[in-house]
J.: 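If you scroll down you'll find the structure; I have some questions about it.
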Protein chains: 2
Amino acid sequence: MTFKQPTIKEIAKRLNISVSTVSRALHDHSSIGLRTKMRVRQVANELNYEPNQTAIFFQQRKTFTLGVILPELSEAFFSTAISAIEDTANKHNYTVLLGQSHDQEEREKQIVETMKNHRVDGLIVSISKNTINFDHFEALRKYAIPVVFFDRIPNMPDIHYVACNIQSGSLQAVSYLLNKGHRIIGMINGPDKMMASMQRLEGYLKAIKKHRLKYDPILIVSSDLTKEGTYDAMRQLTTMRRKPTAIVAFNDYVALDAVQYARGQQMKINEDITFVSYANLPLSHYTAFPPAASVEQFPYEQGQKATEILLDLLNKNKDENIPPSYNNIIIESKLVIRNSQ
Amino acid sequence: MTFKQPTIKEIAKRLNISVSTVSRALHDHSSIGLRTKMRVRQVANELNYEPNQTAIFFQQRKTFTLGVILPELSEAFFSTAISAIEDTANKHNYTVLLGQSHDQEEREKQIVETMKNHRVDGLIVSISKNTINFDHFEALRKYAIPVVFFDRIPNMPDIHYVACNIQSGSLQAVSYLLNKGHRIIGMINGPDKMMASMQRLEGYLKAIKKHRLKYDPILIVSSDLTKEGTYDAMRQLTTMRRKPTAIVAFNDYVALDAVQYARGQQMKINEDITFVSYANLPLSHYTAFPPAASVEQFPYEQGQKATEILLDLLNKNKDENIPPSYNNIIIESKLVIRNSQ
DNA sequence: AAAAATTACGCAAACGTTTGCGCTACTTTC
DNA sequence: GAAAGTAGCGCAAACGTTTGCGTAATTTTT
């Protein structure tokens, strides 16, 4: 016996008034008398009336729903980001519709389509690694669906985004090593095309330049971020004539793999070789030889900021003929130094 | 200039046919001639027609949306569960509406309400630790919104759920230690009221019994799962007359804290004292002294299974007068032994 | 006391889609 | 060649809500 949800009609019938009156009464409209308002509320309570949101969404062409597209929900970075997004959306009475691209462009496209059809009010996305064509985002413009990107930003003009300035963190990281006396500093970077890789490298270069040292390109190797790729990279770095005494790893996972390799080669961590990296994973505290320092990228803050920007966009009066402005927020990354114990 | 999405009406007008014909044509209905079908599709493509899902949801009283309520998205266990849920839902053309309770009953209630108003087709939930009243779930019955619980199951009759049999894993864990020769085995359990704690203890007791040993209640201490709580627990365990040579920790996090304490006391891990625990966190491979073994609880599989059950429920013909049956799936946990290296 | 203003409500359209039923025109059957 | 069947399409209601406009009743103004 599936229970039929009470509607506004039902209330109207019971009170012998029109549905419009009921609707207005429930919205506390000024043109409805106090007496009828009270009676309507009374009956609404008795019947346990709940507005049918699907009807409202349909009628209002607004769903109070934010679409969120992330590459991988199980990754620590993104799971704390989605946590932030949900918190912020919820605080403003929005809900979150979720999709994960698994770093596949095709999947990402399909999810965008789904979200468009679901009539989400706006989108928050961190793009897939393998997305090279951004037409599916471009297409959203003419439907006036605002998009805010975060962390992984597409190379498109006129977009809103919040990102983390990794370059500055990278600079801090390398400077930290230089100040500790290291002069030959290797880097295990990610794939070349990744923006994340470039930023890391730029920070590295800045630090070298700042300390008036000579840049040796041979010290920069790249890993495909798998364990094997990292092992390869380590092999390259450790078989050079001028062996690095410190290594900047693409992220904590890479660093941990690199550490394992180094230990396999009987190297003493923090003596023969020192590591710094990016991400500042919570669990790495427990790890045998955590990187001496790690660049925090503030996923919670990024997610929160992105959501706030999107909500702002949604509350802005679009019909006003103000020229569009684009929010580009850069959160500064920060080198977190492990308390040496 | 916000672009107006083309509708079925628009197509009808252009072809001088009725909307119903267009609708049927797009659904490949048998009563529409091939010629008109082709023409309709043609125009639909030209206009880039996309059905307005909100209208369909409203009309069909079905949203193809699954509500998911989890305690904490940033926890590894739940983030891999939500990843599984999203994958499975997506595969069946459902989308996921997300909410996190932060282990607060009030928040959980509010989210249930929101999801009901959004007319989600069904709900997947892992209940908050602090939820003691389940009326908000009970209330969903009369709206015929099916709910599948997973991992954290409420104490309610007639529910669907998938859970992990931790007791058996616990039994395996303790048996493992007994077989290794340990005879005094401590346990750092969670708060007493938690079902998770009880199950762990039951497994412990079973193992003890199976090996015809005497149960010493003093060996079971509980932690509030904070670092301090775990340190306290360790203090108790290590200052007994009969010191345990092995300890079963509530989960990997607790184990790692416990290891830190032990090392602080100059104890040699795996010599003076051995740890086993629960969760089998991916990162603990990298950790200095990971627990010798850990009970895997298969969050991905649990999420997947829960989603499949829910989808089954949704596709079942409810009007048929078949008596309801309740799916209670128990996934066996499994002790994963770290390859000693 | 008539005119004007205000209060309190109802009518009906609109949002976009699906679907039961009915209708026409053509084809088949005996 | 009339009856029966079928193919192909249109009408209109329905889903639940909001909202512009109209209007009757009441109050205020002059």
Side-chain angles (χ1 to χ4, degrees), chain A residues 2-41 43-44 47-65 116-121 143-144 319, chain B residues 2-41 43-44 47-65 116-121 143-144 319:
Chain A
T2 146
F3 189 80
K4 196 164 167 296
Q5 292 249 28
T7 72
I8 227 174
K9 282 186 187 174
E10 181 66 23
I11 300 181
K13 198 183 298 173
R14 298 215 180 193
L15 290 171
N16 265 322
I17 57 179
S18 77
V19 291
S20 46
T21 303
V22 175
S23 173
R24 284 189 249 257
L26 291 173
H27 287 84
D28 207 21
H29 194 280
S30 65
S31 80
I32 303 296
L34 191 58
R35 274 191 55 85
T36 35
K37 272 185 194 170
M38 303 278 280
R39 290 168 59 212
V40 168
R41 285 183 200 146
V43 180
L47 294 184
N48 240 304
Y49 168 77
E50 300 283 350
N52 182 336
Q53 295 289 1
T54 66
I56 298 177
F57 293 162
F58 169 52
Q59 206 264 356
Q60 306 265 291
R61 286 169 221 73
K62 180 150 167 57
T63 57
F64 289 96
T65 301
K116 190 176 71 183
N117 295 346
H118 271 252
R119 300 295 197 273
V120 295
D121 293 339
Y143 299 109
D319 21 41
Chain B
T2 145
F3 189 81
K4 197 164 165 296
Q5 292 250 26
T7 72
I8 226 174
K9 280 185 187 173
E10 181 66 22
I11 301 181
K13 198 183 297 173
R14 299 214 180 195
L15 291 170
N16 265 321
I17 57 179
S18 78
V19 292
S20 46
T21 303
V22 175
S23 174
R24 284 189 250 256
L26 291 172
H27 286 85
D28 208 22
H29 194 280
S30 65
S31 80
I32 304 295
L34 192 57
R35 272 191 57 83
T36 34
K37 271 185 194 171
M38 303 278 279
R39 289 169 59 213
V40 167
R41 285 183 199 146
V43 180
L47 294 184
N48 239 304
Y49 168 76
E50 300 284 350
N52 183 335
Q53 295 290 0
T54 65
I56 298 178
F57 294 162
F58 168 53
Q59 206 263 358
Q60 306 265 293
R61 286 170 224 72
K62 182 150 166 56
T63 57
F64 289 97
T65 301
K116 191 177 70 184
N117 294 347
H118 271 252
R119 300 294 197 273
V120 295
D121 293 340
Y143 300 107
D319 21 42

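Quick caveat: nothing in here was measured; it's all calculated off a predicted structure. Each chain gets a letter, A, B and so on, in the order its sequence line appears, and its residues count up from 1.
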J.: Nearest to the side chain of A:His27, which nucleotide is it out of C:dT18, D:dT18, C:dG10?
T.: D:dT18

J.: Go through the N and O atoms of the side chain of B:Gln60 and the base of C:dT18, and report whether any donor-acceptor pair is under 3.5 Å.
T.: no

J.: Do B:Gln5 and A:Arg61 come close enough that some side-chain heavy atom pair is under 4.5 Å?
T.: no

J.: Roughly how many Å is it from CZ in B:Arg24 to P in D:dG8, rounded to a whole number?
T.: 13 Å

J.: Please step through side chain to side chain contact (heavy atoms under 4.5 Å, CB included) for the pair B:Val40 and B:Ile17, ending with a clear verdict.
T.: CA-CA 10 Å; B:Val40 167; B:Ile17 57 179; 3.8 Å; yes

J.: For A:His29 and C:dC9, what is the distance between atoms NE2 and C1' respectively, to the nearest whole Å?
T.: 11 Å

J.: Rounded to the nearest angstrom, tell me the gap between atom CD in A:Gln53 and atom C1' in D:dT17.
T.: 11 Å

J.: Heavy atoms, side chains only, cut-off 4.5 Å: are B:Val43 and B:Val22 in contact?
T.: no

J.: When you measure only distances, ignoring hydrogens and angles, does the side chain of B:Ser20 come within 3.5 Å of the base of D:dC9 through a donor and an acceptor?
T.: no

J.: Which nucleotide, D:dT17, C:dC9, C:dG16, lies nearest any side-chain atom of A:Thr21?
T.: C:dC9

J.: Checking all strands, does B:Thr7 fall into the base, sugar-phosphate, or nothing category for heavy-atom contacts under 4.0 angstrom?
T.: sugar-phosphate

J.: Treating B:Thr54 as the side-chain partner and A:Phe57 as the backbone partner, does any N or O pair qualify as donor plus acceptor under 3.5 Å?
T.: no

J.: OP1 or OP2 of C:dT7 less than 4.0 angstrom from a side-chain nitrogen or oxygen of A:Ser31, does that happen here?
T.: no

J.: Hey, is B:Phe58 stacking on D:dC15? Ring centres under 5.5 Å, planes under 30°.
T.: yes

J.: With the side chain of A:Ile56 defined as its heavy atoms from C-beta on, choose the nearest nucleotide among D:dC15, C:dT18, D:dT18.
T.: D:dT18

J.: Is the shortest side-chain N/O distance from B:Ser18 to OP1 or OP2 of D:dC9 below 4.0 Å?
T.: no

J.: Pick base, sugar-phosphate or nothing for B:Thr36, based on heavy-atom distances below 4.0 Å to the nucleic acid.
T.: sugar-phosphate

J.: Grab the CZ-P distance between A:Arg35 and D:dA25 for me, whole Å please.
T.: 18 Å

J.: Roughly what angle, to 10°, lies between the helix axis at the start of the helix from C:dA1-D:dT30 to C:dC30-D:dG1 and the one at its end, five pairs per end?
T.: 50°

J.: Whole Å only: how far is the NZ atom of B:Lys9 from the P atom of D:dG10?
T.: 16 Å

J.: Return whichever of B:Arg119 or B:Val19 has its heavy-atom-nearest nucleotide of DNA chain D closer to the 5' end.
T.: B:Val19

J.: Around atom NZ of A:Lys62, are there more than 12 heavy atoms from other residues, nucleotides or ligands closer than 6.0 Å?
T.: yes

J.: With the side chain counted from C-beta on, respond yes when A:Ile11 and A:Arg39 share a heavy-atom pair under 4.5 Å apart, and no when they do not.
T.: no

J.: Between B:Asn16 and A:Ile8, just flag the one whose closest nucleotide in DNA chain D comes earlier from the 5' side.
T.: B:Asn16

J.: Please check: side-chain N/O of A:His29 versus main-chain N/O of A:Ser31, any donor-acceptor pairing under 3.5 Å?
T.: yes

J.: Going by modelled atom types, is there a donor-acceptor pair between the base of D:dG8 and the side chain of B:Arg39 at under 3.5 Å?
T.: no

J.: Starting at atom OH of B:Tyr49, determine the distance to atom C1' of C:dG16, rounded to an integer number of angstrom.
T.: 8 Å

J.: Calculate the interatomic distance between B:Arg61 atom CZ and C:dG16 atom C1'; express it in whole Å.
T.: 14 Å

J.: If I take atom OG1 from residue A:Thr63 and atom CZ from residue A:Arg119, how far apart are they, to the nearest 0.5 angstrom?
T.: 10.0 Å

J.: Send over the distance from A:Leu34 CG to C:dT6 C1', rounded to a whole Å.
T.: 17 Å

J.: So if I take every side-chain heavy atom of A:Ile32 and compare against D:dT17, C:dC9, C:dT18, which nucleotide ends up nearest?
T.: C:dC9

